[in-house]
> 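Pasting a structure here, questions to come.
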Amino acid sequence: MTMTTDDEHGRSPAHALLADGTTVCIRPVVPADHDQLEGLYDEMSPENLRLRFFAASRRSATMAADRACAPARPGYRALLAETQGQVIGLAEYETGDEADSAEISIAVADGLHHRGVGTLLVEHLVSAARSEGVTTFTADALSDNHEVLRLFSDLGLRVARRFDGPEVRCTVPLDEDDAYLSAVEARGRRADVASLQPLLRPHVVAVVGAGRKPGSVGRAILHHLHSGGFTRRLFAVNPSATSILGIPCHPSVTALPRTPDLVVVAVPAPAVPATAEECGKAGVRALLVVTAGLDSDQAQALLSACRTHGMRLVGPNCLGITNTEPDLRLDATFAAGHPHPGTAGVAVQSGGIGIALLDGLSRLGIGVSSFVSLGDKYDVSGNDMLQWWESDGRTDLALLHLESFGNPRAFSRTARRVTRRMPVLTVDAGRTDAGRRAAASHTAAAATRTMTRQALFTQAGITATRSVGELLETAALLHSQPLPEGSRVAIVTNAGGAGVLAADACAEAGLALPAFTPSTVDDLLDVLPAGAAIGNPVDATAAVTEEQLGTCVDRLMQCTGIDAVLVALVPTAVAEATGDDLVRALTRPPGRRARPVAVVRLEQALPVELLPTADGATIPSYAEPHSAARALAHAAARAGWLGRPAGAVPDLADVDTPRARAVVDDHLRAHPDGGWLDPSTCADLLSCYGIPQIPWAWAETEDAAVLAAERLRGVDGRVVMKAHWPGLVHKTQQHAVHLDLRGDTQVRTAFRDFQTRFAGLMTGVVVQPLAARGTELFAGVVQDEVFGPLVLFGLGGTATEVLADHAARLAPLTDHDVHDLITSPRCAPLLFGANGIAPVDLEGLEQLLLRLSRMAADLPQLAEADLNPVLATPDQVTVLDARVRLLPRRPHDPYLRRLRRGR
């Protein structure tokens, strides 16, 4: 949900949802609000005035409005909530003698309590306060003001209460811990689902733009709604007709006999804004805009109408929406046919991908619970749909095709929760996007958008496939089969060649083919025909009968050390002659098995089918071994993700965030455009987070360099000298490093060499002791403008970009994330000990990555951090060289509840 940075501090309007799905605008108070604010209090009952001001005085209303509308002053912030231009709530805070503590007060209009107005205002006020360094809210309330006391208790923050007669003093630390984020998330989920009811479960639908003659998109959607059996009221809007396709037609939305919940807009682009405004004024709650080609002014006018009048919006430029609930049967799309009802939720940005998924799911028999073509995604997003499917009571499989992300960190939190309940699959679109970030460091060069998306999917437990075909193949297995406990597969075939293909496919997919125990071999020999080869694959020969094959698979299902069975079959004349149907051997009872089974039939025409079993279950059948193996690998990965508890962000000792922010602020005051830090400032910043650095000294003259070398003699008395000037990043490429310097003469010679070659550039040198031998690693951070900070790790040194042995995860890192970072690169065996070499200090390595992650999460101004090399030895982990670049960015609160402001 993209917002401008000013929104983060409450300086620009932000739209958000109340508990009942109503859209409100949260914005700063301005002097022109005085009369409305005074009216807010004037219309309160005497009892509510007493609870707010501790006395039922009308004079208090004027004083409160005066205070809120006074000129801006340090330490004071006031936010109001309004809907349809009417102020319905106010929240304000003011600091006192202590700048990190503020007194808060809240007022909500009579008749609007219990809808979440006050809570939403406080959430926005908490975000604004944090950005200004306020760490604690305090509030005085009457002890019988149960509503405001409940508001504080339900925020998700710790609350301390101190009673003093009829009053109670509440103290609320503004810690952003997981409990608070989860509470905000739960409130947002309820509000989001409520706001989608008019869109996905409308009682009255109208189509604007349905033509009298065939050929228009509007008419096609109207026909689809009618032929699909929409069970509720349906109207058409066309000033030139009284009936279209037998459906009543009216000249305008305002002329309809009932106000629609949902209006489908299929008019030319120039007419879209006026249509949206008419719908909003009529009380419509949701718009589906299929029109394409809106220019920026038209798009802004459309979104403004939706926000002003509280309408949720799908589109523009989309295929439509579907909800197959039996008592609704809403199919507002212009796809060729109606999807089969089922249990898969689908959200796509591409209409073509949507049609392919609808057709594929219907053909497989999985069917669709609801479908939304997001189009240009001005409002309703994949995040909204995940929350809908989580609560709709029908969906057990979620399929996404997203070309862009509005708020990836909020999406990730939602997805981590939803994927614990159902599989969430996506096509990793745009993998070859050449959008590498324009930056100079190794970190930025390594961080591609593909790597960032994959980190998001991995951390959130999303199953990412590489094509629509692979998505459907995987969906078929996850829909029909239990998850495997691991990645160990047994292969059974009636043709040796097919078994070899299946074995290759499994190995390439990362699956294991374990050898069978002697008892398993004996069991299989007992049931298979003479000549069968009991390896893995099991070659049951062309002579295997239906009964023998079924018994073989059943026995493999009972073997310890086997997690799934893959059966590769080819048609043979032997089976045909005996009347055996080998596929039937797999679909007979027990059709539902405790472990997954997949079939490969090389003669199969379709890439994947679901074969019905005798007891009503299904088994996936694939035309290619690689398809089956990929699906099993995705299932094993999901099982592994579910099998470990959700990670936690560890607490770190010796972190001084206030001092780090002061270092950043001081640098940006001196360098308003940002840039690379000098060595001293860089070292100061890293020390704020306890990141270990090799000792070093700064020298600007030859004599100073000699003195520094005397103090810092390393292994065998040798030192390293590095030239420095503003903007220098790749020292090795510039030949700005001298290694292995012994004695004063070599130090002086090295300094003079730098002076000669870098005359007019060099501002000084860094002198360090020569480090001991160890494994050179690389760690870094890139602040992605969309995804937030990305932490990278891998093999370091001068070849880091050539070898490209990197892994990445989005910050903040959990304990599981940092373990995955360390184990994912190809160089991981070097870290854990190989060929008699002792393992490196793994705990120190984990700490370094966690501290780097914390620094990136704390400091949005941190554009890049590049630690290369990081020397890892069995005793310690030390940063030998570091570069940090800052940019003048303001804090961003990705979890603040608000609606997106368009694409």
Side-chain angles (χ1 to χ4, degrees), residues 1-3 288-296 299 302-303 313-322 333-335 344-361 370-389 398-412 414-415 418-419 424-437 447-460 462-472 474-475 784-788 790 808 810 894 899-903:
M1 299 180 182
T2 48
M3 303 289 288
L288 167 60
V289 180
V290 298
T291 306
L294 276 68
D295 62 28
S296 59
L302 167 62
L303 189 58
L313 167 66
V314 167
N317 185 26
C318 67
L319 176 67
I321 62 175
T322 294
T333 71
F334 54 95
V346 182
V348 298
Q349 283 188 257
S350 163
I353 299 296
I355 290 173
L357 289 177
L358 290 175
D359 288 348
L361 291 168
S370 55
F371 163 82
V372 174
S373 170
L374 301 168
D376 290 339
K377 205 170 64 169
Y378 285 8
D379 178 25
V380 174
S381 66
N383 201 40
D384 295 303
M385 294 312 302
L386 284 177
Q387 295 184 103
W388 175 267
W389 296 325
L399 277 62
L400 299 172
H401 175 266
L402 303 176
E403 297 166 0
S404 63
F405 294 86
N407 188 340
R409 278 176 278 185
F411 173 83
S412 179
T414 300
V418 175
T419 49
V424 178
L425 290 79
T426 188
V427 177
D428 187 8
R431 295 188 309 275
T432 59
D433 182 7
R436 292 176 178 266
R437 305 188 58 77
T448 65
R449 182 54 57 89
T450 298
M451 178 177 283
T452 309
R453 291 167 64 94
Q454 289 172 347
L456 171 67
F457 296 147
T458 299
Q459 288 171 269
I462 295 172
T463 301
T465 64
R466 299 174 64 86
S467 67
V468 173
E470 186 180 341
L471 184 75
L472 290 170
T474 306
D784 188 284
E785 292 181 3
V786 175
F787 290 82
L790 182 74
L810 292 165
L899 296 170
R900 57 190 295 132
R901 296 182 66 181
R903 300 184 68 181

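All of these numbers come straight from a predicted model, not from anything done at the bench. Below, each value reflects all heavy atoms present in this structure, side chains not excepted, and no hydrogens, waters or symmetry copies. We're numbering straight along the sequence, starting at 1.
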> Applying side-chain hydrogen bond (donor to acceptor under 3.5 Å, both in side chains), name anything that partners Trp388, two or more places apart in sequence or on another chain.
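side-chain hydrogen bond (donor to acceptor under 3.5 Å, both in side chains) check on Trp388 returns nothing, list empty.
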> I need the single residue from Leu400, Leu471, Ile353, Leu399 that forms a side chain to side chain contact (heavy atoms under 4.5 Å, CB included) with Val427. Which is it?
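Only one option passes, and that is Leu471.
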> Show the nearest heavy-atom pair for residues Val380 and Leu374, with the distance to one decimal.
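For Val380 and Leu374, the tightest heavy-atom pair comes out as O-CD2, 3.4 Å.
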> Output, in order, the C-alpha distance, side-chain angles, deciding distance and verdict of side chain to side chain contact (heavy atoms under 4.5 Å, CB included) for Asp784 and Leu790.
CA-CA 7 Å; Asp784 188 284; Leu790 182 74; 5.6 Å; no
> Using the side chain to side chain contact (heavy atoms under 4.5 Å, CB included) definition, which of the options Leu288, Ile321, Thr322 pairs with Thr333?
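Going through the options one by one, the only one that passes is Thr322.
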> If you compare all heavy atoms of Leu319 against all heavy atoms of Gly351, which two are closest, and at what distance to 0.1 Å?
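Distance-wise, the nearest heavy atoms are CD2-O, 3.8 Å.
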> Just to verify, which of Asp376, Leu899, Leu302 counts as forming a side chain to side chain contact (heavy atoms under 4.5 Å, CB included) with Leu313?
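Only one option passes, and that is Leu302.
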> Quick check: closest heavy atoms across Arg453 and Glu403, and the distance to 0.1 Å?
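Smallest interatomic distance, heavy atoms only, reads NH1-O, 4.0 Å.
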> Could you pull out the closest heavy-atom pair between Gly354 and Val348, with the gap in Å?
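Scanning both residues, the minimum pair turns out to be CA-CG2, 3.7 Å.
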> So does Ala460 get a backbone contact from the side chain of Thr419, meaning a donor-acceptor N/O pair under 3.5 Å?
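Such a contact is found between Thr419 side chain and Ala460 backbone.
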> For a quick test of reading the model, state the closest non-hydrogen atom pair linking Ile355 to Ala335 and the distance between them.
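So the two residues come closest at CG1-CB, 4.4 Å.
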> Which distance, rounded to the nearest 0.5 Å, do you find between the CG of Asp428 and the OG of Ser467?
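If I round to the nearest 0.5 Å, the distance is 11.0 Å.
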> Has Asp384 got a side-chain atom pairing as donor or acceptor with Ser381's backbone, closer than 3.5 angstrom?
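Yes; judged by distance alone, with no hydrogens or angles, the pair exists.
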> Please check this pair: side chain of Ser412 against backbone of Pro408, looking for a donor-acceptor N/O pair closer than 3.5 Å.
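Judged by distance alone, no pair lies under 3.5 Å.
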> Taking side chain as C-beta onward, heavy atoms only, is Leu402 less than 4.5 Å from Gln349?
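With C-beta onward as the side chain, the pair touches.
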> Are side-chain heavy atoms of Leu456 and Phe411 found at a separation under 4.5 Å?
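Yes, side chains in contact.
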> Working to the nearest 0.5 angstrom, can you tell me the gap between Phe787 CZ and Thr452 OG1?
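That separation rounds to 6.5 Å.
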> Hey, what do you get for CG (Asp359) to CG (Leu472), rounding to the nearest 0.5 Å?
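It is 10.0 Å, given to the nearest 0.5 Å.
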> Kindly give the heavy-atom pair with the smallest separation between Pro316 and Thr291, and that separation in Å.
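Smallest heavy-atom distance, with atoms named: CB-O, 3.3 Å.
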> Report yes or no: does Asn407 contribute a side-chain atom to a donor-acceptor pair with the main-chain N or O of Pro894 at less than 3.5 Å?
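Yes, because the side chain of Asn407 sits within donor-acceptor range (under 3.5 Å) of the backbone of Pro894.
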> Are any of the side-chain heavy atoms of Arg409 and Leu810 separated by less than 4.5 Å?
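Result no, sub-4.5 Å side-chain heavy-atom pair not found.
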> If only atom types and distance count, is the side chain of Thr465 paired as donor or acceptor with the main-chain N or O of Thr426 below 3.5 Å?
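Here the side-chain-to-backbone pair exists.
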